[in-house]
Colleague: 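A single structure is presented below for examination.
Naming convention: chains lettered A, B, ... in sequence-line order (proteins, then strands); numbering from 1 in each chain. From a predicted model like this one, the values you see are computed outputs, not experimental measurements. Scope of the values below: all heavy atoms of this structure, side chains included, with no hydrogens, waters or symmetry mates.
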Amino acid sequence: MSLTEILTRDLNPPQKKAVETMDGPVLILAGAGSGKTRALTHRMAHIIASGLASTDEILCVTFTNKAAKEMEHRIFKILADLNVPVTRELWVNTFHSFCVRVLRQHIDLLDYKKPFTIYDSGDQLALIKRVMVALNINDKMFPSKNLQSRISNAKMLGLTPDNLRGGGSSQIKMDPKTLDVYSRYEEEMKRANAVDFDDLLLKTYELFRMYPAILEQYQNKFRYIMVDEYQDTNHIQYLLVQMLAKAHRNLCVVGDEDQSIYSWRGADISNILDFEKDFPEAVVIKLEENYRSSSNIVSAATKLIANNTQRKEKTLFTNNPEGDLIQIREERNEYDEARFVAKTIQSMISSGESNLNDYAIFYRTNAQSRVLEEQLRTIALPYRLIGGIRFYERAEVKDILSYLRLSQNFSDDMALKRIINVPARGIGKTTLEQIEQKANDSRISLFEATQLLINERHFNAGTTSKLRRFLDLIEDLAIQQKQFRLSEFYSIVLEKTEYVNILKKEDTPEAEARISNLEELDNAIAQFEKERGDEASLSNYLEELTLASDLDNADNNASAITMMTMHISKGLEYPYVFIIGCEENLFPSVRGEDESVDDIEEERRLAYVGMTRARQKLWMTHTKMRRVWGQEQMNPPSRFLREIPKEFTSFSSGALGVQAPRFMSNSRFGSQNNSYSDNNYSNNTNYDDYAQPSYDDDFSQTHQVGKSSGYSKGQRVRHPTFGVGAIFSTEGAGDTLKISVLFQDNTIKKFVAKYARLEKV
DNA sequence: CGTACCGACCTTTTT
DNA sequence: GGTCGGTACG
């Protein structure tokens with residue numbers, strides 16, 4: 001059998017074509033679950049095994065670190081099976097990690113020192129705020145978050161302050177104030193020897209523009225280039241790809257415009273839609289057979305996405321069995337919703353056949369995970385949460401990392417600012433303000449400003465000695481850093497800063513948790529050393545860490561339900577999937593007044609992504625009432641539910657015992673008109689509708705709370721001040737029993753039962 | 001200077 | 001309902 005035959009057996013014709021077409025530009029439009037990764041890895045292995053390029057002459061760009069790791073692993077596996085020896089590294093990267101790699105080599109040409117520091121978006125924001133103070137710009141008039149995103153957008157378009165000034169060739173205008181901030185920000189970044197996420201791409205682009213010889217080196221090196229998730233590339237990424245592919249024109253891009261969900265991050269869907277204009281000779285391959293999901297799921301998702309206008313006409317189909325109907329479930333509120341999910345999983349698990357790892361719960365916003373966690377914990381179902389508050393964003397972790405950063409780069413102002421008084425060493429706000437003032441005026445780093453002020457005898461003796469001690473500590477750490485291995489240095493930092501000692505003295509559960517996080521960081525460092533061996537330097541570690549995400553570190557071995565946002569779910573699959581919170585205003589979420597058709601279409605693509613993750617069974621839930629920012633909201637079911645043809649769905653409700661509020665009466669729930677399409681949504685809700693206990697099924701039984709209290713959900717009560725209402729929920733028991741009451745004006749108030757003079761009526 | 005409390009803002013989504 | 005930044009007080 002020939003090599004090609006071996007690599008293409010078990011593939012369908014378009015997959016085969018993808019593996020066989022190695023030279024020239026190739027556009028692969030890969031529908032969800034169409035065996036894309038399989039085709040790609042085989043294609044890469046084919047190129048290497050047939051000797052067209054060695055491993056290090058191929059550049060493969062993916063969207064997440066996790067995808068990169070996975071792809072690399074699979075390519076190596078295939079090559080090993082073919083007995084092809086691999087001696088050189090394979091360049092499977094994210095755009096950002098690729099750029100780090102390039103900059104690590106050449107950043108000195110851009111007037112930076114090696115090693116450079118990477119600022120994450122938190123550092124970026126902090127620096128923007130500081131620049132605003134220096135420039136006397138009011139945060140109220142120009143919100144710093146706003147400026148941050150404008151600057152970031154400019155960078156993603158490849159625009160520097162110089163480009164934006166002078167009108168130049170650019171049509172994009174930036175208002176003068178923002179431009180001032182942008183310029184000064186850049187200046188400060190350079191002084192701090194730091195680059196931000198966007199810079200990684202922009203600086204690499206600039207490097208290539210300024211030094212054609214270096215560009216040429218990479219152009220020649222990479223005989224083949226492949227970009228995954230091409231629909232999510234932004235302009236600067238597009239420019240980089242075009243540049244790099246210029247010499248050989250062996251560019252293969254893969255994507256699915258129906259899964260483009262990152263436009264808010266600058267992703268430009270036209271990059272994929274216009275690929276054939278950029279490369280008229282491109283071979284276009286469509287992978288349209290879905291191998292992942294049951295046909296009900298595929299049909300439902302296909303019908304849903306057909307409502308979008310910005311897409312290439314294509315048909316996703318499957319030969320898989322029909323499978324179960326999509327379960328659409330209505331619940332009364334988010335607690336019932338979470339309970340429904342938890343109980344459903346529990347009962348399915350207990351009947352055997354499946355295990356916890358088979359289940360995933362998706363939601364639109366991270367905030368939705370909280371209630372879910374509570375419910376899963378109460379019935380003792382293990383879960384793992386991906387995203388949300390990241391490990392590396394925990395305060396104590398950031399603190400220690402700031403020590404590591406500062407000891408490597410004294411100019412790292414954001415790190416210094418964070419830890420100059422952590423743990424507390426008596427250096428207060430006024431002192432720091434004076435240091436910042438000096439730094440701003442003299443355009444020097446905070447570290448240097450501190451030294452200068454000490455030498456100028458600016459401070460009193462007490463402050464001076466505290467500052468002196470801090471500077472000595474950092475200088476000492478800088479020396480230790482060079483002498484010890486990373487893991488040893490880490491212990492030294494913990495010891496010399498007394499960080500852990502001070503936490504231990506606190507003796508609170510919070511402090512305990514922090515200590516254990518720092519232990520976890522210790523483990524992570526040990527792991528890193530094990531993996532990288534001699535290359536486990538501090539700067540490498542900081543680099544990798546800044547670019548790491550939660551998804552990369554998720555522990556998939558433990559048996560647990562996985563919870564994440566739909567955005568993170570892209571590229572993953574699970575036998576059983578729950579999509580919760582399918583309500584208007586939440587999903588699709590509306591972003592203020594400026595909502596556009598484009599926004600809704602992107603939300604719809606997000607729904608499409610979420611749904612197509614499910615292999616066997618999919619639940620989509622919505623609630624009549626939900627608490628958002630502590631406010632009760634009643635939103636109609638998501639339009640996306642309505643857009644799924646009824647023949648693919650099965651509806652059930654855990655809120656039937658509750659008389660449907662008026663706006664529901666015309667909907668699928670109460671009438672012969674069996675669709676979501678005409679909700680007469682009204683806020684004019686009769687609170688009585690919610691006052692009745694529900695008794696329709698297992699999941700929403702009246703629960704009796706507290707042994708002697710006798711308060712139960714739905715019980716009507718009178719409050720001396722607020723009048724008559726109905727008990728909406730309860731928490732705690734005995735003296736700490738708290739009761740939430742829904743009053744006639746549709747507000748909810750929470751009382752401690754012991755003190756509130758509630759009277760049953 | 002450190003702490004404790006208050007109110008604004010938050011909720012998209014990530015490298 | 002939670003977090004973070006600002007303010008007031010000890």
Side-chain angles (χ1 to χ4, degrees), chain A residues 61-68 93-100 118-122 124-126 129 139-140 143-145 149 152 155-156 195-201 229 232-234 236-237 260-267 334 362-371 374 386-390 392-395 421-433 460 462-463 466 543-552 564-570 581 585-592 595 599 602-603 605-606 609-610 626-633 731 738 740 748 750:
Chain A
V61 184
T62 63
F63 194 67
T64 63
N65 295 307
K66 189 186 159 146
N93 292 95
T94 62
F95 272 104
H96 291 82
S97 68
F98 168 72
C99 290
V100 166
I118 303 172
Y119 275 9
D120 67 16
S121 36
Q124 183 180 40
L125 186 64
K129 282 181 180 166
D139 196 284
K140 289 273 170 339
S144 49
K145 279 253 170 66
S149 78
S152 177
K155 289 187 174 193
M156 287 189 293
V195 297
D196 60 34
F197 284 145
D198 302 315
D199 281 340
L200 292 172
L201 309 175
E229 308 283 11
D232 284 326
T233 49
N234 63 29
I236 190 83
Q237 292 167 337
S260 165
I261 53 175
Y262 285 105
S263 74
W264 48 274
R265 218 170 94 181
E334 69 269 34
F362 301 156
Y363 33 79
R364 182 63 179 80
T365 67
N366 277 310
Q368 288 167 262
S369 71
R370 219 195 83 250
V371 179
E374 273 168 29
I386 298 177
I389 323 121
R390 300 171 173 201
Y392 295 114
E393 280 170 14
R394 309 250 164 91
N421 199 32
V422 177
R425 44 175 78 85
I427 301 170
K429 209 178 84 184
T430 358
T431 309
L432 186 58
E433 256 166 25
N460 63 38
T463 308
K466 288 171 194 163
E543 241 167 43
E544 179 164 310
L545 198 117
T546 319
L547 296 178
S549 77
D550 247 26
L551 186 60
D552 309 326
M564 66 181 88
T565 62
M566 268 169 283
H567 278 91
I568 312 184
S569 78
K570 191 164 68 165
N585 297 323
L586 177 61
F587 187 40
S589 98
V590 274
R591 191 105 172 96
E595 73 163 305
D599 294 338
E602 179 143 323
E603 294 285 314
R605 291 193 289 268
L606 193 54
V609 167
R626 180 181 302 273
R627 197 170 197 151
V628 186
W629 312 331
Q631 280 275 303
E632 287 299 341
Q633 278 189 11
E731 62 184 85
K738 293 192 191 80
S740 299
I748 291 203
K750 199 169 174 182

Colleague: Find the distance Lys145(A):NZ to dC10(B):C1' and express it as a whole number of Å.
Modeller: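 Taking NZ of Lys145(A) and C1' of dC10(B), I get 8 Å after rounding.
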Colleague: Any protein N or O atoms within reach of nucleotides 1-5 of chain B? Criterion: under 3.5 Å, listing atom names and distances.
Modeller:
unit_1: dC1(B); atom_1: OP1; unit_2: Gly428(A); atom_2: N; d: 3.4
unit_1: dC1(B); atom_1: OP1; unit_2: Thr431(A); atom_2: OG1; d: 2.5
unit_1: dC1(B); atom_1: OP2; unit_2: Thr430(A); atom_2: OG1; d: 2.5
unit_1: dG2(B); atom_1: OP1; unit_2: Asn421(A); atom_2: OD1; d: 3.4
unit_1: dG2(B); atom_1: OP1; unit_2: Asn421(A); atom_2: ND2; d: 3.2
unit_1: dG2(B); atom_1: OP1; unit_2: Gly426(A); atom_2: N; d: 2.9
unit_1: dG2(B); atom_1: OP1; unit_2: Ile427(A); atom_2: N; d: 3.4

Colleague: Between Tyr262(A) and Phe63(A), what is the ring plane arrangement, given parallel below 30°, perpendicular above 60°, and tilted in between?
Modeller: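 Ring orientation, 0 to 90° scale: tilted.
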Colleague: Have a look at Asp198(A) and say if it touches a base, only the backbone sugar-phosphate, or nothing, with a 4.0 Å heavy-atom cut-off.
Modeller: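 No contact at all - Asp198(A) keeps every heavy atom at 4.0 Å or more from the nucleic acid.
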Colleague: Round to a whole Å and report the spacing from CE of Met566(A) to P of dT11(B).
Modeller: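 To the nearest whole Å, that distance equals 17 Å.
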Colleague: Roughly how many Å is it from CE in Met156(A) to C1' in dT14(B), rounded to a whole number?
Modeller: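 Value for this atom pair: 11 Å.
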Colleague: Let me know, please, whether Arg370(A) or Lys129(A) comes out on the 5' side of the other along DNA chain C by nearest nucleotide.
Modeller: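 Counting from the 5' end, the first nearest nucleotide belongs to Arg370(A).
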Colleague: Side chain of His567(A), heavy atoms from C-beta onward: which of dT15(B), dT11(B), dT13(B) has the nearest atom to it?
Modeller: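 Given the options dT15(B), dT11(B), dT13(B), the side chain of His567(A) is closest to dT13(B).
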Colleague: What integer distance in Å separates Asp599(A):CG from dT13(B):P?
Modeller: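 Spelled out: CG on Asp599(A) to P on dT13(B) is 16 Å.
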Colleague: To the nearest angstrom, how far is Asp199(A) atom CG from dT15(B) atom C1'?
Modeller: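 Between C1' of dT15(B) and CG of Asp199(A): 13 Å.
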Colleague: Given atom CZ of Arg626(A) and atom P of dT11(B), what is their separation to the nearest angstrom?
Modeller: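 Taking atom P of dT11(B) as the reference, CZ of Arg626(A) is at 17 Å.
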Colleague: Rounding to an integer number of Å, can you tell me how far Leu125(A) CG sits from dC4(C) C1'?
Modeller: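 Going from Leu125(A) (CG) to dC4(C) (C1'), I get 12 Å.
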Colleague: If you assign Ala367(A) and His96(A) each to the DNA chain B nucleotide with the nearest heavy atom, which residue ends up on the more 5' nucleotide?
Modeller: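 Mapping each residue to its closest nucleotide by heavy atoms, the 5'-most match is Ala367(A).
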Colleague: Name all residues meeting the side chain to side chain donor-acceptor pair (under 3.5 Å) criterion together with Ser97(A); count only those two or more places apart in sequence or in a different chain, and write none if there are none.
Modeller: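 Partners of Ser97(A) under the side chain to side chain donor-acceptor pair (under 3.5 Å) test: Asn93(A), Thr94(A).
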Colleague: Who are the side-chain contact (heavy atoms from CB on, under 4.5 Å) partners of Glu433(A), not counting sequence neighbours?
Modeller: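 If we apply the side-chain contact (heavy atoms from CB on, under 4.5 Å) test to Glu433(A), skipping adjacent residues, the hits are Lys429(A).
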Colleague: Of the options dT11(B), dT15(B), dT13(B), whose atoms approach the side-chain atoms of Val628(A) most closely?
Modeller: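 Nearest listed nucleotide: dT11(B).
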Colleague: Name the closest nucleotide to the Ile568(A) side chain, picking from dT11(B), dT15(B), dT13(B).
Modeller: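 Nearest to the side-chain atoms of Ile568(A), counting from C-beta on, is dT13(B).
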Colleague: Sub-3.5 Å donor-acceptor pair from the side chain of Asn421(A) to the main-chain atoms of Ile427(A), do we have one?
Modeller: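 It does hold such a pair.
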Colleague: Residues two or more places apart in sequence or in another chain: which of them pass side chain to side chain donor-acceptor pair (under 3.5 Å) with Tyr363(A)?
Modeller: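 Applying side chain to side chain donor-acceptor pair (under 3.5 Å) to Tyr363(A) gives none.
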Colleague: Atom CG of Leu432(A) to atom P of dG6(C): distance rounded to whole Å?
Modeller: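 Checked: the CG to P distance equals 12 Å.
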Colleague: Sequence neighbours left out, what passes side chain to side chain donor-acceptor pair (under 3.5 Å) with Gln368(A)? Give chain and number order.
Modeller: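 Side chain to side chain donor-acceptor pair (under 3.5 Å) check on Gln368(A) returns Thr365(A).
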Colleague: Which part of the nucleic acid, if any, lies within contact of Tyr262(A), taking any heavy atom under 4.0 Å across all strands shown: a base, the sugar-phosphate backbone alone, or nothing?
Modeller: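 Sugar-phosphate contact only.
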Colleague: Side-chain N or O of Ser263(A) versus OP1/OP2 of dT13(B): is the shortest distance under 4.0 Å?
Modeller: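 No, outside the criterion.
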Colleague: Residues two or more places apart in sequence or in another chain: which of them pass side chain to side chain donor-acceptor pair (under 3.5 Å) with Asp232(A)?
Modeller: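 Asp232(A) satisfies side chain to side chain donor-acceptor pair (under 3.5 Å) with Lys570(A) once adjacent residues are dropped.
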Colleague: In terms of side-chain heavy atoms of Asn366(A), which of dT11(B), dT15(B), dT14(B) is nearest?
Modeller: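 Taking heavy atoms from C-beta onward, the closest nucleotide is dT14(B).
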